[in-house]
Amino acid sequence: MGPVRFRPVCLLLAIGVLGVVGCSGGGAGAATDDPLLVAAASDLRPAFAELGAAFEAEAGERVVFNFGSSGQLAQQIIEGAPMDLFASASVAYVERVLEAGVGDAATQATYAHGRLAMWSPAARWREWDDLEELAADDRIRTVAIANPEHAPYGLAARQALESAGVLDRIGPKLVHGENVSDAQRLAATGNADVAIVALSLALAADEAGEGDWQAVDAGLHEPLQQDLLIVASDPDRARRAARFAAFVNGEQGRAVMRRFGLSLPGETTPDEGGSGAEGPDAMGDH
């Protein structure tokens with residue numbers, strides 16, 4: 001039997017598993033009934049939800065997001081999921097899609113660099129300064145990370161634990177979320193004591209008054225270079241996807257991305273700046 005091709009019904013099932021946010025609301029123009037479809041890494045959920053609404057207000061173009069782990073999204077796109085744009089948390093998964101013959105290589109672009117943070121609800125936060133302190137805390141029974149098999153932030157978390165020399169102590173306590181947003185949910189619901197998640201998610205929770213966090217030293221893991229790629233084969237849909245990509249990389253998009261702790265092309269990257277060098281009041285203990 002050959003590979004299973006995604007059809008619309010399959011996409012709907014996938015959407016049910018990974019979660020979709022459609023942005024609608026008032027705007028300058030009328031949103032079309034044929035929305036732009038964007039597969040986006042879970043760390044982008046707070047930033048892209050805001051940007052989708054802003055894009056609709058400005059361009060009259062509705063955007064429907066399929067959030068999930070970059071590895072799972074890449075596999076869906078390779079198998080034929082009808083997406084228009086892929087915003088990955090790792091350049092590796094964009095390259096995997098291109099190697100499978102999907103997408104326009106000329107549209108590949110780095111839109112951000114990500115960052116890890118330790119996070120927990122305020123009631124369980126113990127003011128850990130680094131992973132060594134977390135590992136030495138005998139009260140910690142479970143630590144949630146995204147599944148490193150297909151989630152870039154999960155892989156980066158595992159690399160950071162190994163580089164810090166604490167994987168042998170924390171490894172038996174690890175529980176895996178399907179993606180980095182799911183890892184945060186495990187800690188938020190008490191199914192894990194603490195989570196190692198994307199800084200963007202920690203900051204979004206901070207804005208909502210939920211939880212405390214501490215940034216993880218970016219030098220402990222491979223850079224989280226986040227690339228996007230237009231994967232629409234229809235020229236008109238590709239042009240529409242290009243407009244959204246330009247919006248993300250434009251002044252308004254960059255302001256939102258920066259507010260959620262993502263380092264931007266042309267600005268200081270996490271591995272260049274180190275702890276405390278970039279981000280909106282981002283690197284302290286909150």
Side-chain angles (χ1 to χ4, degrees), residues 3 5-12 14-15 18-24 27-45 47-112 152 225-254 256-257 262 264-266:
R5 301 290 296 178
F6 267 82
R7 298 182 184 283
V9 65
C10 302
L11 174 63
L12 291 175
I15 283 171
L18 298 175
V20 167
V21 173
C23 295
S24 61
T32 70
D33 293 331
D34 184 20
L36 193 67
L37 303 176
V38 175
S42 289
D43 72 297
L44 298 171
R45 182 183 290 270
F48 270 27
E50 185 171 326
L51 288 178
F55 183 69
E56 179 180 341
E58 179 174 301
E61 176 90 72
R62 190 160 66 93
V63 185
V64 170
F65 296 107
N66 182 10
F67 292 110
S69 79
S70 295
Q72 290 181 327
L73 293 174
Q75 190 61 33
Q76 290 178 21
I77 292 167
I78 290 169
E79 293 181 352
M83 288 293 165
D84 299 313
L85 181 71
F86 178 34
S88 174
S90 168
V91 62
Y93 286 113
V94 166
E95 291 172 350
R96 184 174 299 182
V97 169
L98 284 170
E99 288 168 1
V102 182
D104 179 358
T107 66
Q108 180 180 353
T110 300
Y111 64 91
Q225 179 182 334
Q226 303 198 193
D227 277 23
L228 60 76
L229 178 72
I230 294 174
V231 294
S233 56
D234 176 80
D236 179 60
R237 298 196 70 87
R239 281 192 292 272
R240 293 164 58 192
R243 285 198 294 271
F244 182 69
F247 186 77
V248 170
N249 284 319
E251 182 178 349
Q252 188 171 354
R254 288 169 70 91
V256 171
M257 303 285 275
L262 291 152
L264 304 176

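All values below were derived from every heavy atom in this structure, side-chain atoms included, with hydrogens, water molecules and symmetry-related copies excluded. Nothing here was measured: the structure is a model prediction, and the numbers come from that model.
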Participant: With heavy-atom distances below 4.5 Å as the criterion, would you say the side chains of L73 and M83 are in contact?
Facilitator: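 No, side chains not in contact.
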
Participant: So how far is it from R254 CZ to L51 CG, rounded to the nearest 0.5 Å?
Facilitator: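 It comes to 12.5 Å.
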
Participant: How close do S90 and S70 get, heavy atom to heavy atom, and via which atoms?
Facilitator: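 In this case the closest contact between S90 and S70 is N-OG, 4.2 Å.
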
Participant: Does the side chain of Q226 reach to within under 4.5 Å of the side chain of D43, using non-hydrogen atoms?
Facilitator: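 Counting from C-beta outward, Q226 and D43 do come under 4.5 Å.
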
Participant: Name all residues meeting the side-chain hydrogen bond (donor to acceptor under 3.5 Å, both in side chains) criterion together with E95; count only those two or more places apart in sequence or in a different chain, and write none if there are none.
Facilitator: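 Residues passing side-chain hydrogen bond (donor to acceptor under 3.5 Å, both in side chains) with E95: none at all.
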
Participant: Applying side chain to side chain contact (heavy atoms under 4.5 Å, CB included), name anything that partners A74, two or more places apart in sequence or on another chain.
Facilitator: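 Counting only residues at least two positions away or on another chain, A74 forms a side chain to side chain contact (heavy atoms under 4.5 Å, CB included) with F86, Y93, V97.
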
Participant: Just to verify, what does Y111 make a ring pair (Phe, Tyr, Trp, His ring centres under 6.0 Å) with, not counting sequence neighbours?
Facilitator: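 Y111 satisfies ring pair (Phe, Tyr, Trp, His ring centres under 6.0 Å) with no residue once adjacent residues are dropped.
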
Participant: Can you list the residues that meet the side-chain hydrogen bond (donor to acceptor under 3.5 Å, both in side chains) rule with N249, with sequence neighbours excluded?
Facilitator: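 For N249, no residue satisfies side-chain hydrogen bond (donor to acceptor under 3.5 Å, both in side chains) once neighbours in sequence are set aside.
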
Participant: Just jot down the ring pair (Phe, Tyr, Trp, His ring centres under 6.0 Å) partners of F55, sequence neighbours excluded, or say none.
Facilitator: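 F55: ring pair (Phe, Tyr, Trp, His ring centres under 6.0 Å) contacts with F244, F247.
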
Participant: Taking side-chain hydrogen bond (donor to acceptor under 3.5 Å, both in side chains) as the test, write out the residues that go with S233, two or more places apart.
Facilitator: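 Checked S233 against side-chain hydrogen bond (donor to acceptor under 3.5 Å, both in side chains); zero matches.
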
Participant: List for me each residue that meets salt bridge (Lys or Arg N to Asp or Glu O under 4.0 Å) alongside R237, sequence neighbours excluded, and say none if there are none.
Facilitator: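 R237: salt bridge (Lys or Arg N to Asp or Glu O under 4.0 Å) contacts with D34, D84.
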
Participant: How far does CG of L262 sit from CG of L44, to the nearest 0.5 angstrom?
Facilitator: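 L262 CG to L44 CG: 6.5 Å, rounded to 0.5 Å.
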
Participant: What are the two closest non-hydrogen atoms of V102 and I78, and how far apart are they?
Facilitator: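 Shortest heavy-atom separation between V102 and I78 comes out as CG2-CA, 4.3 Å.
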
Participant: Report the distance from atom CD of Q225 to atom OG1 of T110, rounding to the nearest 0.5 Å.
Facilitator: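 Here the rounded value is 3.5 Å.
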
Participant: Please give me the minimum heavy-atom distance between V94 and S88, naming the atom from each residue.
Facilitator: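 Residues V94 and S88, closest heavy atoms: CG2-CB, 3.6 Å.
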
Participant: Using 0.5 Å steps for rounding, measure from the CZ atom of R96 to the CD1 atom of I77.
Facilitator: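 With rounding to 0.5 Å, CZ (R96) is 12.5 Å from CD1 (I77).
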
Participant: With rounding to the nearest 0.5 Å, note down the distance linking CD1 in I230 to CG in L85.
Facilitator: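 One gets 6.0 Å once the value is rounded to the nearest 0.5 Å.
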
Participant: So which atom in L37 and which in P82 form the shortest heavy-atom distance, rounded to 0.1 Å?
Facilitator: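 Closest approach of L37 to P82: CD1-O, 3.1 Å.
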
Participant: CZ of R240 to CD of E61: how many Å apart, nearest 0.5 Å?
Facilitator: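 Going from the CZ atom of R240 to the CD atom of E61 covers 4.0 Å.
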
